[in-house]
Participant: 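First the structure, which I've put down as structure tokens, then a few questions once you've had a look.
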Amino acid sequence: MWYLIDTDAHSKIYAGLKSSATKQQFLDLLYSPDVENLLQTFDGIPGDAYFINAGRIHSIGAGNLLLEIQSNSDTTYRVTDWGRIDPVTGKMRPLHIKEATLCMDFMDRTASRVSGATNITDHNRKYPLTNRCLNFHCDDLKLVEPWRDNTETTRSCHILTAVNAPIAVENDHFRTEVPFGHSVLIPACFGSYSIVVVPGITTTVIKTTL
């Protein structure tokens, strides 16, 4: 899953094949820059999220700063490198055409984009970012006052990422400061805690559980 924190003008996210694209078209254009025209393309907008199923072709365009959360995996198959040449070796990075085409789901046309919350709030709100993933769950918390939570209700660790402002995590015996742009992992055995935010602003916190 990708959560867009900040983006430049004209930045793009590529995720999935267009509904009109066929497997044969993709294979025919694989070594051409025109293959990009077969991909679902989205404008980079802060607050948007993208859920990337296994088997879905995807790429992060230039100018995107994002948070990536995924189940454990060391496998990435590169089908194109946008024509880039390594300045040191003078060669392209290795591609994995055979492996990638074997595991790509060419029937998948689902839109990956989860639109970010745009409304201004005067109270705490929670927006689900993933609702069809068996391996993890993410929520976008918009906080204007302390948020109380408990790891016992999820029976999971909690990972909190402070997106746009610092936060503090505390209970009766413990407190830690989390600068914006940083994450903190709360063990599953921790129990109840509060997220304390800076008064006067809406603080975005991405909460991830298993």
Side-chain angles (χ1 to χ4, degrees), residues 1-83 95-119 125-142 154 156 158-159 161 163 183 204-210:
M1 191 210 76
W2 296 332
Y3 177 86
L4 271 63
I5 297 174
D6 196 12
T7 62
D8 291 342
H10 311 301
S11 63
K12 302 293 182 183
I13 292 290
Y14 306 90
L17 292 172
K18 290 181 178 178
S19 58
S20 58
T22 66
K23 178 178 181 180
Q24 191 57 53
Q25 286 176 325
F26 180 81
L27 296 176
D28 290 344
L29 294 176
L30 193 53
Y31 296 97
S32 165
D34 292 335
V35 72
E36 178 182 330
N37 298 326
L38 302 180
L39 306 182
Q40 294 188 49
T41 305
F42 306 89
D43 293 331
I45 300 175
D48 281 359
Y50 292 84
F51 183 66
I52 310 296
N53 284 325
R56 182 174 298 169
I57 189 169
H58 56 283
S59 182
I60 305 167
N64 290 295
L65 174 66
L66 56 81
L67 173 69
E68 181 176 80
I69 298 169
Q70 66 177 43
S71 56
N72 290 337
S73 174
D74 293 325
T75 304
T76 300
Y77 295 135
R78 188 179 302 109
V79 295
T80 182
D81 207 18
W82 309 95
L95 302 180
H96 315 95
I97 304 300
K98 180 180 179 180
E99 297 88 344
T101 53
L102 284 174
C103 73
M104 275 185 64
D105 183 357
F106 286 96
M107 300 302 293
D108 177 19
R109 297 296 191 272
T110 304
S112 303
R113 179 173 178 253
V114 180
S115 299
T118 57
N119 58 311
R125 298 290 299 272
K126 179 175 73 171
Y127 300 92
L129 296 178
T130 57
N131 55 15
R132 55 183 186 273
C133 178
L134 299 178
N135 299 309
F136 59 84
H137 183 84
C138 291
D139 291 315
D140 182 352
L141 306 180
K142 304 297 187 187
T154 57
S156 161
H158 291 189
I159 302 174
T161 302
V163 171
S183 298
T204 298
V205 178
I206 302 301
K207 172 188 169 185
T208 304
T209 58
L210 301 180

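Residue indices begin at 1 and follow the sequence shown. What you see below is based on every heavy atom in this structure, not just the backbone, and it leaves out hydrogens, waters and symmetry mates.
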Participant: Kindly determine whether Arg113 and Ile45 satisfy side-chain contact (heavy atoms from CB on, under 4.5 Å), including the steps that lead there.
Facilitator: CA-CA 10 Å; Arg113 179 173 178 253; Ile45 300 175; 3.9 Å; yes
Participant: What's the spacing between Ile60 CD1 and Tyr50 OH if we round to 0.5 Å?
Facilitator: 11.5 Å
Participant: Is the count of non-hydrogen atoms from other residues, nucleotides or ligands lying under 6.0 Å from Leu102 atom CG greater than 12?
Facilitator: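 Count over threshold, so yes.
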Participant: How long is the span from the OG atom in Ser71 to the CD1 atom in Ile69, to the nearest 0.5 Å?
Facilitator: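 Between Ser71 OG and Ile69 CD1, I get 11.5 Å after rounding to 0.5 Å.
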Participant: For the residue pair Asn53 and Asp105, establish whether any side-chain heavy-atom pair is separated by less than 4.5 Å.
Facilitator: no
Participant: Nearest 0.5 angstrom please: Asn64 CG to Asp48 CG, how far?
Facilitator: 10.5 Å
Participant: Mind listing the closest non-hydrogen atom pair of Thr7 and Pro46 along with its distance?
Facilitator: OG1-CD, 3.3 Å
Participant: Between Glu36 and Pro33, is there a donor-acceptor pair closer than 3.5 Å when you use the side chain of the first and the backbone of the second?
Facilitator: no
Participant: Between the main-chain N or O of Leu17 and the side-chain N or O of Gln40, is there a donor-acceptor pair closer than 3.5 Å?
Facilitator: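 Here the side-chain-to-backbone pair exists.
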Participant: Does NZ belonging to Lys23 count more than 12 external heavy atoms closer than 6.0 Å?
Facilitator: no
Participant: Describe, in one word, how the ring planes of Phe106 and Phe26 are oriented to each other, choosing from parallel (under 30°), tilted (30 to 60°) and perpendicular (over 60°).
Facilitator: perpendicular
Participant: Between Leu4 and Ile13, is any pair of side-chain heavy atoms under 4.5 Å apart?
Facilitator: yes
Participant: Does any donor atom in the side chain of His137 or Asp139 lie under 3.5 Å from an acceptor atom in the other side chain?
Facilitator: yes
Participant: Walk me through whether Val79 and His96 qualify under side-chain contact (heavy atoms from CB on, under 4.5 Å).
Facilitator: CA-CA 6 Å; Val79 295; His96 315 95; over 6 Å; no
Participant: Just checking, any donor-acceptor pair under 3.5 angstrom between side chains of Thr76 and Arg78?
Facilitator: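 No, no side-chain donor-acceptor contact under 3.5 Å.
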Participant: Going from CZ on Arg56 to CZ on Arg109, what distance comes out if it is rounded to the nearest 0.5 angstrom?
Facilitator: 11.0 Å
Participant: In Å and rounded to the nearest 0.5 Å, what is the CG to CE distance from Leu66 to Met1?
Facilitator: 9.0 Å
Participant: For Ile52, does its backbone N or O pair with a side-chain atom of Ser112 as donor and acceptor, under 3.5 Å?
Facilitator: no
Participant: Any donor and acceptor pair, going by atom type alone, linking the side chain of Lys207 with main-chain N or O of His158 inside 3.5 Å?
Facilitator: no
Participant: Give the minimum heavy-atom separation between Cys138 and Thr130, together with the two atoms involved.
Facilitator: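 Looking at all heavy atoms of both residues, the shortest contact is N-OG1, 2.9 Å.
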Participant: Could you measure the distance from the CD1 atom of Ile57 to the OG1 atom of Thr80? Nearest 0.5 Å is fine.
Facilitator: 8.5 Å
Participant: Checking Thr110 against Phe51 for the side-chain contact (heavy atoms from CB on, under 4.5 Å) test, could you report, in this order, the C-alpha distance in whole Å, the side-chain angles of both residues, the deciding distance, and whether it holds?
Facilitator: CA-CA 10 Å; Thr110 304; Phe51 183 66; over 6 Å; no
Participant: Determine the minimum heavy-atom distance between Ala49 and Leu129, stating which atoms define it.
Facilitator: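 What the structure gives for the nearest pair is CB-CD2, 4.1 Å.
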Participant: Taking the side chain as every heavy atom from C-beta outward, state whether Tyr3 and Thr204 have any atom pair closer than 4.5 Å.
Facilitator: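 Yes, close enough: below the 4.5 Å cut-off.
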Participant: Using the rule given for side-chain contact (heavy atoms from CB on, under 4.5 Å), can you reason through Cys103 versus Tyr77, listing the C-alpha separation, both sets of side-chain angles and the distance that settles it, and then say yes or no?
Facilitator: CA-CA 9 Å; Cys103 73; Tyr77 295 135; 3.7 Å; yes
Participant: Taking NZ, NE, NH1 and NH2 as the nitrogens, is one of them in Lys126 or Asp140 under 4.0 Å from a carboxylate oxygen of the other?
Facilitator: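 Answer for the salt bridge query: no.
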Participant: Quick one: closest heavy-atom pair of Ser59 and Trp82, and the distance?
Facilitator: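 Answer, listing the atom of Ser59 first, then Trp82: OG-CZ2, 3.4 Å.
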